[in-house]
Structures are given as structure tokens and as C-alpha cells.
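Notes follow once the structure below has been shown.
Since the structure is predicted, the reported quantities are computational estimates derived from the model, not experimental observations.
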Amino acid sequence: MVIAVVLIIDRQLHSNITEQTRHDLAGEARLISLQWQAAINPDSLADAAGVATGHRITLIDSTGHVVGDSEFDGPALQALENHSTRPEVIVARDSGMGSTLRMSPSTGEERLYVAVRAPRGVARVSVTTRVVEDLFDRARNGVLTAGVISFFLAALLAALFSRSISRPITDLRDVARSLAAGERRRHPPLAAPGEVGDLADAIYRMSEQLELRLSALGAEQAVQSALVETMNEGVVAISAAQEVLRINDTGRRLLSIDRRVPFGLEFLPRDSDLRGAIHLALKGTATQHEEITLGDTTLSLTARPLAHGGAVLALFDLTPIRKLEAVRRDFVANVSHELRTPLTIVGGFAETLQDPDIPADKRSDFARTILSNTQRMQRIVDELLDLSRIETGNWQPLPQPVRVADLAREVFERLGGTAKSKRVLLQTDIQSDAEVIYADRTALEQILVNLVENSLRHTGDRGRITIEAARQRRGVELVVRDSGSGIPPEHLPRIFERFYRADSGRSREAGGTGLGLAIVKHLVEAHGGTVSAESIVGTGTTIRVIFPDSVSANQS
């Protein structure tokens, strides 16, 4: 009401104040025109009147020249332009009084001018529009103040009056809001007259039933949530509005999603097969066990529509299965490839030995070849059994203090014949703080034998193989360094894989099985350590093995 009143009277109030100001200025101008006599200096009269009224007083003679002005004196007064063309002056000469609202060329302010005809010319009084606006603002503020006071008084009276009438209904409203917000323990007061009391009783009974049903629903939902979250499958529920309403932890991991639900479908992976299955399910068509690939992950996707719109997706991670299948295929292919050559040799020479005309010296050579290839096959089988035992956890290391120098000497004695035939120098470089390694002695010996044998295969005449040991922050670092042919950079990441060879032809000729470095890797990791390789083609290869200290080894 206050706003409406202000808007209604605002224009009228401004008009009235402006008109009243114009009327007051006209009265002042008439009074000054009566005092403007021939014996009185007009500029002095204008100055005195300006001081008395606080307004600008201008006296203009019949020719339009300004002969007196309360704001200009001396040369400034003489410099004022002729005022005979001023609109208020023209109207005052014609009708006795004229007024206008315009910008003053002399002062540069917007002013309200009121001029009246005088016996000696025209007397004009003016004020800035700021004065008029100040009057209007004070009047409007008075109206607003009165309206606001009236509003608060009316509101106070209305509140006091309605409090006694609406209290029961307000209580019921608050109880209903609490029930809607999930606060089920709040019950409405039953002491209320008439229909309000009946409504309170109905809400009380409804709150009891709601509490029972919500408790049952919460328990059921908790069971369902636990079942969904413990599933190995990813579950994604999508609404008809194409928003993801629910996704379990497995689904988040498989789809790489970390946003809070609900979120739009645009945040799901942009895979055409996934989007196509979602699109079909939202249109009511189910898809069955479709295999899709997201990055390095292979998923089995099933999408089904929901009865009331929306869809649900089930995602199963096939990556481990596909990796195991690939490993199995590679293993069968590698083992078959490795065994085929010695089996072919054994079979061929055995068939040749059946010929009775073969000389005795040839028979001896053939027998040695058969024995060599049989031993090669036996070694492949033994190393495969070792790998299987380590990988399945049937073998556990028994760490104990082992002196590196003693073990290195035993390994050199064992392989000394081969090294001597190739004129390869075997040496050690063991630091004083790394003389003892805490590891399984048998496993450590097998590690050194495999590494030194591997180095001997790839180190030419007058080469050098060094076993080094040094203390590192994590434990003792054991290094086998050779001056052999080296390994190309593209092969380094894969040399610890089973049957992988950087130079397969040369390795087979030297008697390698392709399993030695794989066994080294598994034995080191069984101790909680790490193994890495560095190599420069034509310079040599360095294998670094880090064995953790005794505490870490025990923990592993």
C-alpha cells in the first residue's frame, strides 16, 4: 500500500511543489519590481534582494540589457549577453509573467526562471532545480516515513490478532514440513477445537504410519545398496531424462567417473558402442553381452530398459580374462616353439642312428647332439616348474645373512670353464658396507648364476663381467655388469618376460632358454626387491637388483 501511494502521489507531489515554487518566485519578483525605482541602483537592489531571498535576482531593462544581477557584478555584469530573447522574458513582457525550466548559459546549471513585468523592464527570480528536487525529496521522505510506520503498526496489530487464531494451523503446518523433511519423531498437538483437532489426529496417525514404512524402506534400501556396492559388476542407473541417478564403486572405476550423482550422460566415456547401447535401452530395446573397449579396459556391457522409463547398465571387466588368455596363448606358442627345435633334432638324429651303416665316430657325435638337446629340453621344463612354483606362491624365501664375496666366488668357479674358454675376465667390486645381503641363499645363487650365464652368452673374447655390491637407501644393490654386445633400447622394457629375446637366434645358439631373466625377476620380487636393466649397444649391459634390508624382507 505504501508503494502504491508513493507511486500515485509522486507525480502530483512533484508538480505541486514545482508550481508552488514558481508561485513563490513570482511573488518575490513582483515585490522586487515594486522596489525598482529610478533613484535606486538596480545592481545594488538585486544584490540586496538576493541576500534576503537566497535566490538569484536579475533586473533587465526594456532593451534586454541586464542592469542588475545578484550573482554578477562589475565587468562580469557588463559581459552578460542581451536577455531580450529569453523565453521567460518574452512571455513576461506579453502576459505579465513568464516561467521556464532550462539550462543557464551564464552559470551552466539547470534553473527554474520566473519573470514578471516591471515599470522599468523585467524582474526575474531563479533557483536551481536542485532546490526544487530537495523540497520534493523531503516531502516524499515524509510520506515514506509515515507509510513505513503505518505498515509496521498494521503488521504488529495483524500479527497479534492472527496469532490467537492461526496458532493451531501453524503448528500443523510446521509438523507437516518436518515430516516432509524426514523428521519423523515430531507429532502434532491434539488439543485443538473442531475440524483442526480432527486434522491434528489424522496427521498424528499418518506420521506413525509414515515412520514405520520409512523404516522398512530404509532397511530394504540399505540391503540393496550393500548388494550393489559389493558386486564385481559395475551398475549404472539412468533416468528417462538422460541423467545418471546411481552408479556403484565398480562402475565408477571401470568408467573413470568421480562426479557426484546425478550428472548428465555427457560425462560418460564417449565410446560409440556404449552410447549406442544406452540410446537403444532408453528407447526400450535391451542389448545382451556386448563387448566394448575403453582405453586399455575390455568390458562386457548389458543394457536393459526400465519399466517406467530410463535404463540400467551392467558392466563386467573382461580385462584380466583377456590378459590371461593372451598369456596362455603366448605361453603355449613360446613353449611349443622352444621345444620344437630340440625335439626335431632329437627325432632326426635318433632316426638316423637306426641306419647300421653309420660310422662309429658319427654315431658318437649324433648321441652327443641328442644328449645336448635332451638336456636343453630338461632345463626348459625345470625352469618352467621353478617359475610355476614361484608364481603360485608354493615357494617362499627364507632370508638369512649371505656374504656376497663367498657366493660370487662359488658362481665364478661354477662358470669358470665357459669364461676361460672365451677368455672373459670375472671380477668383483664389493663395498665394505655391502658385504652381506639378507636373502634366501639358494635363490640368490640362482639369481647370480642366471645373470652371469646371460652375460657370458653375450660377451665376446677378452670381455669382462663384474659383480658389484653397494649400500643404497632402501637396502643393498647387487649389480652384474658386462662389456658385451648390449641390448637395443626398444627391447629393454621386455627382457624380463618369459621367452623374450632381443637376439633370439644368437641366444638359442648359446643355449639360452629365454626364462633366466624372468626367474630372476620373480625371485627378486619374492624378496620384496626390484630389478632393472641398463644397456648401451656395443658397450655392455648392467642389471641392477636391490634387496631390502632385513626388516623389509621380513615384512615382504
N/O donor-acceptor pair under 3.5 Å between N82 side chain and T63 backbone: yes
Minimum side-chain heavy-atom gap I495-I487 below 4.5 Å: yes
Sub-4.5 Å side-chain heavy-atom contact between V235 and T250: no
For R124 against R86, the heavy-atom pair lying closest together: NH1-CG, 4.2 Å
Side chain to side chain contact (heavy atoms under 4.5 Å, CB included) between L313 and L299, worked out: CA-CA 12 Å; L313 307 181; L299 302 175; over 6 Å; no
Check against side chain to side chain contact (heavy atoms under 4.5 Å, CB included), T530 and R474: CA-CA 10 Å; T530 58; R474 292 181 296 166; 3.9 Å; yes
V91 side chain near T100 side chain, heavy-atom distance below 4.5 Å: no
Min side-chain heavy-atom separation L268-I278 under 4.5 Å: yes
Interatomic spacing from OG1 in T21 to NE2 in H55 - rounded to 0.5 Å: 8.0 Å
Pairing of R471 and D549 as salt bridge, 4.0 angstrom limit: yes
Main-chain N/O of G486 paired to S535 side chain as donor or acceptor, under 3.5 Å: no
More than 12 heavy atoms of other groups within 6.0 Å of I536 CD1: no
Stepwise side chain to side chain contact (heavy atoms under 4.5 Å, CB included) test for T298 and E291: CA-CA 7 Å; T298 303; E291 189 168 315; 3.4 Å; yes
Heavy-atom side-chain proximity of W36 to P42 below 4.5 angstrom: yes
Distance, nearest 0.5 Å, that separates CD of Q288 from CG of L301: 10.5 Å
Exercise: identify the closest heavy-atom pair between R30 and V116: N-CG2, 3.8 Å
Note, L265 side chain near L282 side chain (heavy atom, < 4.5 Å): yes
N/O donor-acceptor pair under 3.5 Å between R253 side chain and N248 backbone: no
Residue pair L59 / A123: nearest heavy atoms and the distance that separates them: CD2-CB, 3.9 Å
Side chain to side chain contact (heavy atoms under 4.5 Å, CB included) assessment of V261 paired with F263: CA-CA 5 Å; V261 292; F263 57 85; 3.7 Å; yes
OG on S95 to CZ on R117, rounded to 0.5 Å: 7.5 Å
Heavy-atom pair of closest approach, residues F547 and V524: CZ-CG2, 4.4 Å
Heavy-atom neighbours of D94 CG exceed 12 at 6.0 Å: yes
Over all atoms of both residues, closest heavy-atom pair of I40 and Q35: CD1-O, 3.1 Å
Any donor-acceptor N/O pair, H522 side chain to V520 backbone, under 3.5 Å: no
Nearest non-hydrogen partners of I32 and A49, listed with the distance: CD1-CB, 3.6 Å
Heavy-atom donor-acceptor pair, Q37 side chain to L34 backbone, under 3.5 Å: yes
Test log, rule side-chain hydrogen bond (donor to acceptor under 3.5 Å, both in side chains), inputs R56 and S70: CA-CA 6 Å; R56 180 184 176 188; S70 60; 5.6 Å; no
Note: R111-E88 ion pair, threshold 4.0 Å (strictly below): no
Distance (rounded to the nearest 0.5 Å) between L294 CG and L274 CG: 6.5 Å
Residues, nucleotides or ligands: over 12 heavy atoms within 6.0 Å of R130 CZ: no
Distance, nearest 0.5 Å, that separates OG of S532 from CD1 of I546: 6.5 Å
Greater than 12 external heavy atoms within 6.0 Å of R304's CZ: no
Beyond-backbone contact of R481 with R544, side-chain heavy atoms, under 4.5 angstrom: yes
Spacing of Y113 atom OH and L101 atom CG [to the nearest 0.5 Å]: 9.5 Å
Side-chain touch I238/L245, heavy atoms, less than 4.5 angstrom: no
